[in-house]
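What follows is a short report on a single structure.
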Amino acid sequence: MTLLARNLAPPNLRPLTLGLLTPHNVHDPRTFSGTAYHAARALARQSDIRLTLLGDHRPPGISDRLARRFGRARTRVSPPGPEEIAGLDAVVGLVASDLLDALPPHIPYLHVTDATPGFLADAYGWDIPAETHARERRAVQRAAVCLYSSDAMARRAGRELGALQARALPFGVNFSHDHGLPRPKPPLDPVELLFVGTDWDRKGGDIALGALRQLRRRGVPAHLTLVGQCPASAARHQDVTATGFLDKSKPHEARKLARLFARAHLLVLPTRGDCTPMVIAEAMAHGTPVLATDTGGIAEMIDGGAGRCLPMTATPVDWAGAITAMTHDRDAFAIMSDAARDRARNRYSWDIWANGIARIAREHLVGCAHAA
């Protein structure tokens, strides 16, 4: 399937012909947090890119929804055949190491991802087979350039995988719907805290709830909204509202999530392991500062006064203290809120990401920089 941008390419350059290769369904905004969905559309919007989707990507049907509901989500994407890749300048592999490994050696590609196998083993506790490490190393070494979602992961790829051409190119904010202008934050009484995560344990839900309890013991008016899965005991807490999972592919649920981001004073994410969780960018886009664990590339995501990181060893008492410090001064909080919104607008944009893909492809791939 070929997607054409609506505008013409710059007059002195022919359009790039790029193939997007990813195991995640680009028609389904629920898979991979919507990253493949938004990446494909941003590339198609670029004036100097002619985009081909590689693989059998189709809108999810009933069988796909049932499989996902019971934890058996599937992909129909297989390595592209010669007829699919004929005439391409390059392939953009989005978290697609297995698929890139099967490409013919003469096909240049950009390896775009958010983690290394070693990081997934260290931070997530995953058992990574030796062949996965070897395949990732081959994908990295064959790539024209490796693009990671954070500087921290690009540096790690250099150390761990010998990725000499490793650079950072942040992903964008995964929201599909226009929710209007940013809304003013409510008064800081009570402090509105937001926790978003489908994996309660890994995302540190107990720590967020413990911080709320510490705030209440200190007499600090605070309320915590939990989005995603949480234990029934957490949902019954008197200062907690539990919404359950909100599906951004459904406009009414996306609007509800946007309202929660806009109303919250802080996104609290005591995650035990993450790469560059895009919920942080989504919060910042709504002017919501972030308090999160210093892991993966999170610290650089909220750089520039958009929030604060705590170490992995921080206790609920520490988290409560940080929340108080970030919200006790109304003027200082307003500056931090503005910094968060500016950070998201200037750095975490899918159009900025897609423009970077086009620019880097022309810099690194022979034959892509011809005049028309």
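Please read these numbers as outputs of a predicted model, since none were measured by experiment.
Atom-to-atom distance recorded for Lys256:NZ and Asp247:CG is 13.0 Å, nearest 0.5 angstrom. Note that CG of Asp201 is 12.5 Å distant from NZ of Lys203, once rounded to the nearest 0.5 Å. Here the straight-line distance linking atom NE2 of His286 with atom CG of Leu257 works out to 7.5 Å at 0.5 Å rounding. Between atom CZ of residue Arg137 and atom OG1 of residue Thr132 there is a gap of 13.5 Å, rounded to the nearest 0.5 Å. Separating the CZ atom in Arg255 from the CG atom in Leu260 is a distance of 13.5 Å, to the nearest 0.5 Å. Considering CD of Glu300 and OG of Ser149, their distance stands at 8.0 Å, rounded to 0.5 Å.
Residues Asp294 and Cys309 share a closest heavy-atom pair of CB-CB, 3.9 Å. Of all the heavy atoms in Arg272 and Met312, the pair that sits closest is NH1-O, 3.1 Å. In terms of heavy-atom proximity, Ile323 sits nearest to Thr327 at O-OG1, 2.7 Å. Across every non-hydrogen atom of Gly287 and Ala340, the tightest pair is C-CB, 4.3 Å. Minimum interatomic distance between Ala211 and Trp319 (heavy atoms only, all atoms of both residues): CB-CB, 3.8 Å. Between Met336 and Gly305 the shortest heavy-atom distance is CG-O, 3.2 Å.
Counting only distance, with no hydrogens or angles, the side chain of Arg156 and the backbone of Gly118 share a donor-acceptor pair below 3.5 Å. Side-chain N or O atoms of Thr52 include none that pairs as donor or acceptor with a backbone N or O of Gly19 at under 3.5 Å. Put simply, the side chain of Thr293 gets close to the backbone of Thr271: a donor and an acceptor are under 3.5 Å apart. Formation of a donor-acceptor pair under 3.5 Å by the Glu84 side chain with backbone atoms of Gly55 is found in this model. At least one donor-acceptor pair under 3.5 Å links the side chain of Asp199 to the backbone N or O of Arg202. In this structure a side-chain-to-backbone donor-acceptor pair under 3.5 Å is present from Asn346 to Asp342. Checked by atom type and distance alone, the side chain of Ser349 never pairs as donor or acceptor with a backbone atom of Arg345 at under 3.5 Å.
Cation-pi check for Arg41 over Tyr37 is met; the charged atom lies under 6.0 angstrom from the ring centroid and within 45 degrees of its normal.
Between Ile357 and Leu16 the shortest side-chain heavy-atom distance does not fall below 4.5 Å. Between Met301 and Thr276 the shortest side-chain heavy-atom distance falls below 4.5 Å. Here the side chains of Phe333 and Pro289 are in contact, with some heavy-atom distance below 4.5 Å. Counting heavy atoms from C-beta on, the side chains of Leu193 and Leu215 come closer than 4.5 Å. Taking 4.5 Å as the limit, some side-chain heavy atom of Phe119 sits within range of a side-chain heavy atom of Thr295. Residues Leu18 and Arg50 are not in side-chain contact: their nearest non-hydrogen atoms beyond the backbone lie 4.5 Å or more apart. Put simply, the side chain of Leu209 does not reach to within 4.5 Å of the side chain of Pro231, judged on heavy atoms. Using a 4.5 Å heavy-atom threshold, the side chains of Ile352 and Asn355 count as separate.
Side chain to side chain, His265 and Thr288 fail the donor-acceptor criterion of an N or O pair below 3.5 Å. Between the side chains of Thr17 and Asp89, a donor-acceptor pair is found at a separation under 3.5 Å. With hydrogens and angles left out, the side-chain atoms of Glu136 and His111 include a donor and acceptor closer than 3.5 Å. A donor and an acceptor atom, one from each side chain of His364 and Arg167, are located under 3.5 Å apart.
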Could you go through Phe245 and Thr198, starting from their C-alpha distance and side-chain angles, then the distance that decides it, and tell me whether this counts as side chain to side chain contact (heavy atoms under 4.5 Å, CB included)? CA-CA 7 Å; Phe245 177 76; Thr198 57; 4.0 Å; yes
Criterion side chain to side chain contact (heavy atoms under 4.5 Å, CB included) on Arg30 and Lys248, from CA distance to verdict: CA-CA 7 Å; Arg30 283 189 59 180; Lys248 288 185 292 185; over 6 Å; no
I would like to know whether Thr116 and Glu160 meet side-chain hydrogen bond (donor to acceptor under 3.5 Å, both in side chains); could you show each step before the answer? CA-CA 8 Å; Thr116 69; Glu160 180 182 323; 2.8 Å; yes
Full working for salt bridge (Lys or Arg N to Asp or Glu O under 4.0 Å) between Arg135 and Asp101: CA-CA 7 Å; Arg135 186 164 48 239; Asp101 194 51; 5.1 Å; no
Using side chain to side chain contact (heavy atoms under 4.5 Å, CB included), reason through Leu212 and Asp239 one step at a time and then give a plain yes or no. CA-CA 8 Å; Leu212 174 70; Asp239 297 309; 4.0 Å; yes
Would you sort out whether Thr31 and Asp28 count as a side-chain hydrogen bond (donor to acceptor under 3.5 Å, both in side chains), showing the intermediate values? CA-CA 6 Å; Thr31 62; Asp28 187 352; 4.8 Å; no
Would Arg263 and Thr225 count as a side chain to side chain contact (heavy atoms under 4.5 Å, CB included) if you check the C-alpha gap in whole Å, the side-chain angles of each, and the deciding distance to 0.1 Å? CA-CA 10 Å; Arg263 190 182 71 184; Thr225 300; 3.4 Å; yes
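Residues Leu20 and Tyr148 are members of separate hydrophobic clusters, defined by side-chain heavy-atom contacts under 4.5 angstrom among Ile, Leu, Val, Met, Phe, Trp and Tyr. The cluster map of Ile, Leu, Val, Met, Phe, Trp and Tyr, joined by side-chain heavy atoms under 4.5 Å apart, puts Leu100 and Met153 in different clusters. When the side chains of ILVMFWY residues are joined at heavy-atom separations under 4.5 Å, either directly or via intervening members, Ile49 and Phe171 end up in a single hydrophobic cluster. No single ILVMFWY cluster, assembled from side-chain heavy atoms under 4.5 Å apart, contains both Leu267 and Ile207. When the side chains of ILVMFWY residues are joined at heavy-atom separations under 4.5 Å, either directly or via intervening members, Leu110 and Trp353 end up in a single hydrophobic cluster.
No more than 12 heavy atoms of other residues, nucleotides or ligands shown are found within 6.0 angstrom of CZ on Arg330. Atom CD of Gln229 has 12 or fewer neighbouring heavy atoms from other residues, nucleotides or ligands inside a 6.0 Å radius.
In this structure, Phe195 and Trp200 have perpendicular ring planes: the angle between them is above 60°, well past the 30° mark. Between His38 and Trp350, the angle of the ring planes stays under 30°, which puts this pair in the parallel group of the 30/60° scheme.
By the 4.0 Å N-to-carboxylate-O rule, Asp48 lies too far from Arg14 to be salt-bridged with it.
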